[in-house]
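What follows is a single structure, written as structure tokens, with notes after it.
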Amino acid sequence: MKEYDHKKIEKKWQTIWEKNGIYHAKDFSQKPKYYSLVEFPYPSGAGLHIGHPRSYTGVDIISRKRRMEGFNVLYPIGWDAFGLPTENYAIKTGKDPRVVTKKNTDTFRKQLKSIGFSFDWSREINTTDPKYYKWTQWIFLQFLKKGLAYKAKININWCPKDKIGLANEEVVGGVCERCGTPVEKRDKEQWMLAITKYAERLHKDLDDVDYLPQIKLAQRNWIGKSEGAEIEFKIVIPTPTPGIGEVVKVFTTRPDTIFGATYLVLAPEHDLVGKLKLQIKNWNEVERYIKEVKNKTEIERTGEDKIKTGVELKEIKAINPATKEEIPVWIADYVLATYGTGAIMAVPAHDERDFEFAKKYSLEIKRVVEPLYVSTEGESAVKKDMPFVDRNAVCIVVRNPKDNSYLCSSWKAFKMHGLITGGVEEGEDVIEAARREVYEETGYKNLKLIKNTDIAIQNQFYHRVKKQNRWARFRYVFFDLVDESRDPISKEEESIHDAVWIKKEDLKNFFTVIEGEFVVDLINNPDYIFTGKGVLHNSDKFNGMDSEIAKKEIIKFVGGKEKTTFKLRDWVFSRQRYWGEPIPVVHCDKCGIVPVPEKDLPVELPKVKNYQPTDSGESPLANIAKWVNTKCPKCKGKAKRETDTMPNWAGSSWYYLRYTDPKNKKTFASKKNLKYWTPVDWYNGGNEHTTLHLLYSRFWHKFLFDLKLVPTSEPYKKRTSHGMILGEGGVKMSKSLGNVINPDDIVKTYGADTLRIYEMFMGPFNQSVAWSTESIIGARRFIEKVWRIGKRVLEKKNSSISKLLHKTIKKVSEDIEGMNFNTAISALMILATEMEKAESVSKEDFKKFLQILSPFAPHISEELWMLLGEKKSINISDWPKWDEKLIQDEEIKIAVQINGKVRTEIMIRVEDDEETVKKKAITDEVVLKYVGGGNIKKVIYVKNRLVNVVL
RNA sequence: GCCCGAGUGGCGGAACUGGUAUACGCGCACGACUUAAAAUCGUGUCUCGUAAGGGAUGUGGGUUCGAUUCCCACCUCGGGCACCA
């Protein structure tokens, strides 16, 4: 047998596999189907990135295993070829994007084939192929028909230098991604897709799919569901005019705080503002502010030090529906026109943003929710079924300004550390009570009042002396010590607790009371804003009510209604670009927007001379009169074609459906094929696509489901993601850093099998890892080791290493399912080393090894498999099963710990019972030495793991 | 600021559900084979200590017979979001 020659072997098998079509998915089969999917690549001019094979190998391994398990597997590939880089290249060089794309996909195809992926190449698709985008356009027309595609004037990102509208993805840190110019806002008519109509279902149906938890979370955050209420505030204007400005609707998630709503804020763009032009006394100022906001750049609006600004609408008031009081009305750009109702009730005491604004403009701050601390442990735990006795109390913060320490109380009878507290008697002033308590408990006399706050907490506990459940409200009062003069305190007080001075930085560790955290926060941050749940206060008949319960009650009380709002916005679906699917509508003066009849699809992209957008920011298509001017399909009169194109998310929103029936001319995919193949069983892709692409395609799928065009409501059963491959040293791989690795070089030097093994071995699949050319050699050595063993097995045959083999079969089988490819390979390496050490290895055992190796390294496995006399490809052989009985050990080594430290090991038989093992352990020489004359307190036995002897 | 993810040898990383920390690989050192080198194989490789023994999983606490794993606080790195009421 010859030396291992990866070039020859890999080329040979790739050719044979292709010729025999062993990776072709059969439409309809007796076998169960399995649809595994990877994100199809964007064929850039730079060629395949070293990161592509990571995801593709991972899913290739799963697909290969499934084939061997008897599934009819669909593992397809194609090209997501519309997009910016190609277009920019065309602008620069004047080359036709079709030609560039053809060249790039040819390169990619060749590269992918050289790595030996088991793709079904007969189903290759390309989003820029008119035969494909005909159906992208067709689906768009269905959206249009159902009223889910519409035109709207919206505020878009505009680059004044490139004179072009930018998608959000093209704005990085407030500047144009391409030229670095600060981005401006501009109103422009755009096509929109009403994804928000599906927000609730996109959110809820995540419950039923098997996505990694982080992916579900990211989707949920992006959709941003929040439940709250819509509440109307009456507007009071000096000269009432019927029909204008009578109410403002606000959206809030905290209706429970409405008694603390001390002003109203409208977004500057809010409808009402213009309507009240004549009523607003300071209209000039208001108008100036609105203009200013409109002209703010993205950087100014969202930049680091975004100080809140706003203007009061003078003479305009609103009525708080809970308190019936008049409150001022403001406009401010911290309120977004596009979220909720574009107006808020501001509750500065319980919202950080409102607080910041209120502080700046000296608006009223009214606290209406107070945190509740309930004692549940120890002697002060609240007794069940016992009524509460209400109590007014005070919590006194006394600071010694000399050393910035605080007066605390330490109880003698039990471990309790807190501040000085005490009850406020009927008719007693709070400050008086506070001074009295400090004096009685500590003897300090000269205190200077710093702040009498309206901050309070509520505390439910059991009073162990008075034997009653207490519900106390502690007001916080701040004093500074004037001098240290002090009177002696009573014997009784002395016996209960000590007064101690604690430095500010030590307070956190000192307090044992459950509200200690609150106290420390309060001392560190006098502007304490409480945004949590609690108990209502200052809220009339709702006082004392739990804030969660109060939400519903108050909505009823003020006549509001429960309302769910989403962060998700409708999808801006048009681009003023050349290299995208033309939006298939025409504009007719008489008939308005008219869809292109389905029989006339596709609307093909015409050839142009110049790919530069026009001066007005229209797509270059607008310059081609011959193409633009057309007949109206309805009235046959003059009409103009829409020149906007679709974003490059369009083609990828449904491509997985096309794979099931890629050549169909009558429909995007036949029902029969869709029924057989969908949903996708396992979809793996990059983290960067967990929000947009995944959400968009789920949206399209649900829409098609509603039209009864696809059989399931979700496209993907399972979704996982892979980590990036970084350059050496953990930095990003980029041309400018010169650390780009070309997969071609690796395949040439080390072989595809080595590349595959290395990429799977280098680290956990879902985590980013740094590339290391130095380390590849390990993967290569492993492959060579396999070759050497194969050579020897061919020459002589013999005994069996079945125990380790079966353990490895189990480990590899399970690890593949969990995408723990690195540990699977580690197990294969251990087995290979053992096989090489063994005197001999039987053919049968080695073949099983080859089978479990084959998904990772298909070429060498196939070569050795055939050399061993097999006639049919290893790829369609049966996945080996492990024998549970063979895996069981009879004797095992377990650890013996003394006080949790491993001191020795003993051999036990697996069938030994606990007593036997413990006896064996405590009579062990080493253990006896440690025990000496001492007592053994306890012996813990963890089955087949260890014995811990506690002395 | 908020939300996710991650911190383990010289390096990439392993450790099931709280149960022998450092598997596997790279690198390094020594040895075998060789005229020699490469390749390959073998041995060793967390750290302090001659040893007995001690100390180590970002830092500091806690729970436990026992913590990389659970809880609390903090630090660093990576990614996402960014006034969403």
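Remember, predicted model here, so these are calculated numbers, not experimental data. Chain identifiers are assigned alphabetically (A, B, ...) following the order of the sequence lines, protein sequences preceding nucleic acid strands; residue numbering begins at 1 within each chain.
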(request) Using side-chain hydrogen bond (donor to acceptor under 3.5 Å, both in side chains) as the criterion, list what pairs up with A:Thr341, not counting sequence neighbours. (result) none
(message) Applying the Watson-Crick and G-U wobble criteria at under 3.5 Å, what pairs with B:U50? Answer none if nothing qualifies.
(response) none
(message) Rounding to an integer number of Å, can you tell me how far A:Asp256 CG sits from B:A85 C1'?
(response) 13 Å
(message) With a 3.5 Å cut-off and heavy atoms only, can you find an N or O donor on one side and an acceptor on the other between the side chain of A:Lys937 and the base of B:C65?
(response) no
(message) The criterion is side chain to side chain contact (heavy atoms under 4.5 Å, CB included); which residues satisfy it with A:His693, sequence neighbours excluded?
(response) A:Glu39, A:Trp649, A:Ser652, A:Tyr655, A:Tyr683, A:His689, A:Ser697, A:Tyr716
(request) Please report, rounded to the nearest Å, how far the C1' atom of B:G25 is from the CG atom of A:Asn820. (result) 17 Å
(message) The criterion is side-chain hydrogen bond (donor to acceptor under 3.5 Å, both in side chains); which residues satisfy it with A:Tyr339, sequence neighbours excluded?
(response) A:Ser226
(request) For A:Tyr263, report the nucleic acid contact type (base, sugar-phosphate, nothing); a contact means any heavy atom under 4.0 Å. (result) nothing
(message) Counting the atoms with a prime plus P, OP1 and OP2 as sugar-phosphate, which does A:Asp354 contact under 4.0 Å by heavy atoms, base, sugar-phosphate, or nothing?
(response) nothing
(request) Run the salt-bridge test on A:Glu784 and A:Arg780 with the 4.0 Å N-O cut-off and return the result as yes or no. (result) yes
(message) Of the options B:U20, B:A14, B:G53, whose atoms approach the side-chain atoms of A:Lys929 most closely?
(response) B:G53
(message) What's the gap between B:G27 and B:C77 when it is taken at their P atoms, as a whole Å value?
(response) 31 Å
(message) Let me confirm one number: the CG-CD1 distance from A:Asp354 to A:Ile529, rounded to the nearest 0.5 Å.
(response) 9.5 Å
(message) For A:Glu232, give me all partners under salt bridge (Lys or Arg N to Asp or Glu O under 4.0 Å), at least two apart in sequence or on another chain.
(response) none
(request) Please lay out, stage by stage, how A:Met819 and A:Asn684 fare under the test side chain to side chain contact (heavy atoms under 4.5 Å, CB included). (result) CA-CA 11 Å; A:Met819 292 190 136; A:Asn684 183 75; 3.8 Å; yes
(message) Taking only side-chain N and O atoms of A:Tyr339, does any of them lie within less than 4.0 angstrom of OP1 or OP2 on B:A85?
(response) yes
(request) Using side-chain hydrogen bond (donor to acceptor under 3.5 Å, both in side chains) as the criterion, list what pairs up with A:Lys943, not counting sequence neighbours. (result) none
(request) Report which part of the nucleic acid A:Ser226 touches: base, sugar-phosphate, or nothing (heavy-atom distance under 4.0 Å, all strands). (result) sugar-phosphate
(request) Using a strict 4.0 Å threshold on nitrogen-to-oxygen distance, state whether A:Lys551 and A:Glu548 make a salt bridge. (result) yes
(message) Please classify the nucleic acid contact of A:Ser772 as base, sugar-phosphate, or nothing, using heavy-atom distances under 4.0 Å.
(response) nothing
(message) By the salt bridge (charged side-chain N to carboxylate O under 4.0 Å, His left out) test, which pairs, at least two apart or in different chains, include something from residues 813-833 of chain A?
(response) A:Lys65-A:Glu817, A:Arg66-A:Glu817, A:Lys811-A:Asp815
(request) Just call it for A:Ile776: base, sugar-phosphate, or nothing, with non-hydrogen atoms closer than 4.0 Å on any strand. (result) nothing
(message) Without decimals, in angstroms, what is the distance between A:Glu227 CD and B:A85 P?
(response) 12 Å
(message) Under 4.0 Å, heavy atoms only, any strand: does A:Arg569 hit a base, just the sugar-phosphate, or nothing?
(response) base
(message) Measuring from the side chain of A:Met829 (C-beta onward, heavy atoms only), which nucleotide among B:G25, B:A23, B:G13 has the closest atom?
(response) B:G25
(request) Compare side-chain N and O positions of A:Ser775 against OP1 and OP2 of B:C11 and report whether any pair is under 4.0 Å apart. (result) no
(request) Can you run down the salt bridge (charged side-chain N to carboxylate O under 4.0 Å, His left out) pairs that involve residues 755-771 of chain A, sequence neighbours left out, and say none if there aren't any? (result) A:Asp60-A:Arg756
(message) Below the 4.0 Å mark, does B:G53 have OP1 or OP2 next to a side-chain nitrogen or oxygen of A:Tyr930?
(response) yes
(message) Counting only Watson-Crick pairs (N1-N3 plus N6-O4 or O6-N4) and G-U wobbles (N1-O2, O6-N3), all under 3.5 Å, who is the partner of B:A38?
(response) none
(request) Return the nearest nucleotide to the side chain of A:Glu774; candidates are B:A85, B:G27, B:C83. (result) B:G27
(request) For B:C4, take OP1 and OP2 only and decide whether either is under 4.0 Å from a side-chain N or O of A:Asn221. (result) no
Table please: side-chain donor-acceptor pairs of residues 216-225 of chain A below 3.5 Å, with sequence neighbours left out.
unit_1: A:Lys216; atom_1: NZ; unit_2: A:Leu206; atom_2: O; d: 2.9
unit_1: A:Lys216; atom_1: NZ; unit_2: A:Val209; atom_2: O; d: 2.9
unit_1: A:Gln219; atom_1: OE1; unit_2: A:Arg698; atom_2: NH1; d: 2.7
unit_1: A:Gln219; atom_1: NE2; unit_2: A:Thr690; atom_2: O; d: 2.8
unit_1: A:Arg220; atom_1: NH2; unit_2: A:Asp207; atom_2: OD1; d: 2.7
unit_1: A:Lys225; atom_1: NZ; unit_2: A:Glu200; atom_2: OE1; d: 3.2
unit_1: A:Lys225; atom_1: NZ; unit_2: A:Glu200; atom_2: OE2; d: 3.1

(request) Could you work out the separation of B:G12 and B:G60 based on their P atoms and round it to a whole Å? (result) 22 Å
(request) Counting Watson-Crick and G-U wobble pairs only, both distances under 3.5 Å, name the nucleotide matched with B:G1, or none. (result) B:C81
(request) Have a look at A:Glu356 and say if it touches a base, only the backbone sugar-phosphate, or nothing, with a 4.0 Å heavy-atom cut-off. (result) nothing
(message) On the nucleotide B:G55, are OP1 or OP2 found under 4.0 Å from the side-chain N or O atoms that A:Lys901 carries?
(response) yes
(request) Please test A:Asp912 against A:Lys920 for salt bridge (Lys or Arg N to Asp or Glu O under 4.0 Å), starting from the C-alpha separation and ending with a verdict. (result) CA-CA 10 Å; A:Asp912 283 351; A:Lys920 213 179 250 176; 3.3 Å; yes
(request) Enumerate the residues from residues 940-951 of chain A whose closest heavy atom to RNA chain B is under 4.0 Å, giving them by residue number; use none for an empty result. (result) A:Ile940, A:Val942, A:Arg945, A:Leu946, A:Asn948, A:Val950
(message) Side chain of A:Leu217 only, heavy atoms from C-beta on: which candidate in B:C4, B:C24, B:C83 is closest?
(response) B:C4
Side-chain donor-acceptor contacts of residues 765-776 of chain A below 3.5 Å, not counting sequence neighbours, with atom names and distances?
unit_1: A:Trp771; atom_1: NE1; unit_2: A:Thr773; atom_2: OG1; d: 2.9
unit_1: A:Ser772; atom_1: OG; unit_2: A:Ser775; atom_2: N; d: 3.3
unit_1: A:Ser772; atom_1: OG; unit_2: A:Ser775; atom_2: OG; d: 3.1
unit_1: A:Thr773; atom_1: OG1; unit_2: A:Glu728; atom_2: OE2; d: 3.3

(message) What's A:Val335 touching, base or sugar-phosphate or nothing? Going by heavy atoms closer than 4.0 Å.
(response) base
(request) Based on the glycosidic angle (syn within 90° of 0, else anti), state the conformation of B:G9. (result) syn
(request) Provide the distance between the two C1' atoms, one in B:U47 and one in B:G10, to the nearest whole Å. (result) 13 Å
Show me the protein contacts with nucleotides 41-47 of chain B, counting only N or O atoms at under 3.5 Å.
unit_1: B:C41; atom_1: OP1; unit_2: A:Arg788; atom_2: NH2; d: 2.8

(message) Nearest whole Å is fine: how far is B:C3 C1' from A:Leu212 CG?
(response) 17 Å
(request) Using the P atom on both, measure B:C3 against B:C71 and round to a whole Å. (result) 16 Å
(request) Would you kindly give the CD1-to-C1' distance between A:Ile789 and B:U40, to the nearest whole Å? (result) 13 Å
Mind listing the N/O atom pairs, protein and nucleotides 6-9 of chain B, below 3.5 Å?
none

(message) Counting only Watson-Crick pairs (N1-N3 plus N6-O4 or O6-N4) and G-U wobbles (N1-O2, O6-N3), all under 3.5 Å, who is the partner of B:C16?
(response) none
(request) Can you tell me the pairing partner of B:A29 across any strand shown, Watson-Crick or G-U wobble, with both distances under 3.5 angstrom? (result) B:U43
(message) Tell me which nucleotide, if any, is Watson-Crick or G-U wobble paired with B:U69 when both distances must be under 3.5 Å.
(response) none
